[in-house]
2 protein chains.
Amino acid sequence: MGRGRRDLWWQGRLRGCGYRVTAGREIILDALTKTDKHLSAEDIYLAVRKACPGIGLATIYRTLEILVEMGLVFKFDFGDGRARYELVEGPNKEVAHHHHLVCTNCKRVIDYTDFIEDEIELLAKTEKGLSKKYNFDIKNHVIQFYGICGNCSTK
Amino acid sequence: MGRGRRDLWWQGRLRGCGYRVTAGREIILDALTKTDKHLSAEDIYLAVRKACPGIGLATIYRTLEILVEMGLVFKFDFGDGRARYELVEGPNKEVAHHHHLVCTNCKRVIDYTDFIEDEIELLAKTEKGLSKKYNFDIKNHVIQFYGICGNCSTK
DNA sequence: TCCCTTATTGATAATGGTTTTCATTATCAA
DNA sequence: TTGATAATGAAAACCATTATCAATAAGGGA
């Protein structure tokens, strides 16, 4: 598979959903691809302005909304009043599926991939059962642990 | 165990954390105790005004913040722009531990207790491992499934 | 390649849940 | 009962997100 095809896979997804391919959308997706952090809309805005100085914050929000709706991006709430966005693992991102550990004191977030196998297995089973019982088409899930991180507990 | 003791158990918790016992706090906790729904701050405000007409919305938020910090109440985000609050199961509330199924279209939330046993078991194991590895004192967790409910998918 | 329709965009105002401010009131230890 | 101070209500401030609107750009068709 050539590089060109890899870079363009998301264009087909956009067009398939009736959306146009624009420079803004490309660069926002690019910013999400190039990081393993959970970015806020403003984080993305600042990162993207380097390559596209004229872009507006509203475009960031509008694009993120589309990407979340299409299932390309996850939107998280870590309790600090602003949403965080993360690219769903996909053909152009080799990041393992992970869950989050959130410090309710300093708001630090740790990604963990340990124990994930068991979690995924159980979730698959639960999803199946829930889908049937509640007639619910489950798209994704969130598992988060809240507590106090090492830094905060020793102060 | 007399009824009086049951009604007052939270007073000790408040005092123990250096907080005063007030009519507002009692009535807010009471509102959370008397429902099995996930209430927003405004829901609580409206419910509480019946018994305490002069209470202000700011007091609701301030009290909820304390209760969450003390671990008596869970704060949830279901993606509709307002936080929801739920009493943690405790001595004065006989509600089973549950997780949530959230419709991303109509924002409906279904509580489920099926499959909970397996989830709890796995979470306990995961918690133990994570606490140790990341030196994290885990207080609680969130498991939520997102998707499209039956109502929305048939329209 | 050039139009033409219309989705998209940037700038900005508006929205609305939540937090802060501050003077007043209530709690509770002494 | 009293005094120190935590808690409260009303209102303003805050601030992430959304809506508005005129200008611009994407892309299908000629």
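Note on naming: letters A, B, ... go to the chains in the order of the sequence lines (proteins, then strands), and numbering restarts at 1 for each one.
The interatomic distance linking B/L57 (CG) with D/dA11 (C1') rounds to 12 Å, in whole Å. What separates CZ of B/F78 from C1' of C/dG17 is a distance of 17 Å, to the nearest Å. Between the CG atom of A/D77 and the C1' atom of D/dT17 there is a distance of 14 Å, given to the nearest Å. Rounding to whole angstrom units, CG of residue A/D80 and C1' of D/dA16 are separated by 11 Å. Whole-Å rounding puts the A/E65 CD to C/dA7 C1' distance at 15 Å. When the C1' atom of D/dA6 is taken as reference, atom CG of B/L14 falls 12 Å away, rounded to whole Å. Rounded to whole Å, atom P of C/dA7 lies 16 Å from atom CZ of A/R15. Spacing between atom OH of B/Y61 and atom C1' of D/dA10 amounts to 16 Å, rounded to whole angstrom units.
B/R62 contributes a side-chain N or O that forms a donor-acceptor pair with the base of D/dG9 under 3.5 Å.
Phosphate contact (OP1/OP2 of D/dT8, side-chain N/O of B/T22, threshold under 4.0 Å): present.
We find that B/D77 and B/R82 are not joined by a salt bridge, their nearest charged nitrogen and carboxylate oxygen being 4.0 Å or further apart. Between A/D43 and A/K37, none of the side-chain N atoms (NZ, or NE/NH1/NH2) sits under 4.0 Å from a carboxylate O, so this pair counts as no salt bridge.
Checked against the 6.0 Å centroid criterion, the rings of A/H141 and A/H99 qualify as a close aromatic pair. In summary, the aromatic rings of B/H100 and B/F76 are positioned with their centroids under 6.0 Å apart. Aromatic rings from B/H38 and B/F74 are positioned such that their centres are separated by 6.0 Å or more.
Residue B/G18 is classed as having no contact, given no heavy-atom separation below 4.0 Å to the nucleic acid.
For A/A83, the side-chain atoms get nearest to D/dT17 when compared with the rest of C/dG10, D/dT17, C/dT20. Comparing D/dT17, D/dA19, C/dT18 against the side chain of B/R82 picks out C/dT18 as the nearest. Here the nucleotide nearest the side chain of A/A41, chosen from D/dA26, D/dG9, D/dT17, is D/dT17. Between D/dT8, C/dT8, C/dG10, one nucleotide has an atom nearer to the side chain of A/R25 than all others, and that is C/dT8. Closest to the side chain of A/R20, out of C/dT27, D/dA16, C/dT5, is C/dT5.
Position along DNA chain C of the nearest nucleotide to B/A23 versus B/K75 favours B/K75 as the more 5'-ward residue.
D/dT17 and C/dA14 make up a base pair, with Watson-Crick or G-U wobble contacts both under 3.5 Å. Base pairing of C/dT8 is made with D/dA23, judged by Watson-Crick or G-U wobble geometry with both donor-acceptor distances under 3.5 Å. Across all strands shown, the partner of C/dA30 is D/dT1, judged by Watson-Crick or G-U wobble contacts whose two distances both fall under 3.5 Å.
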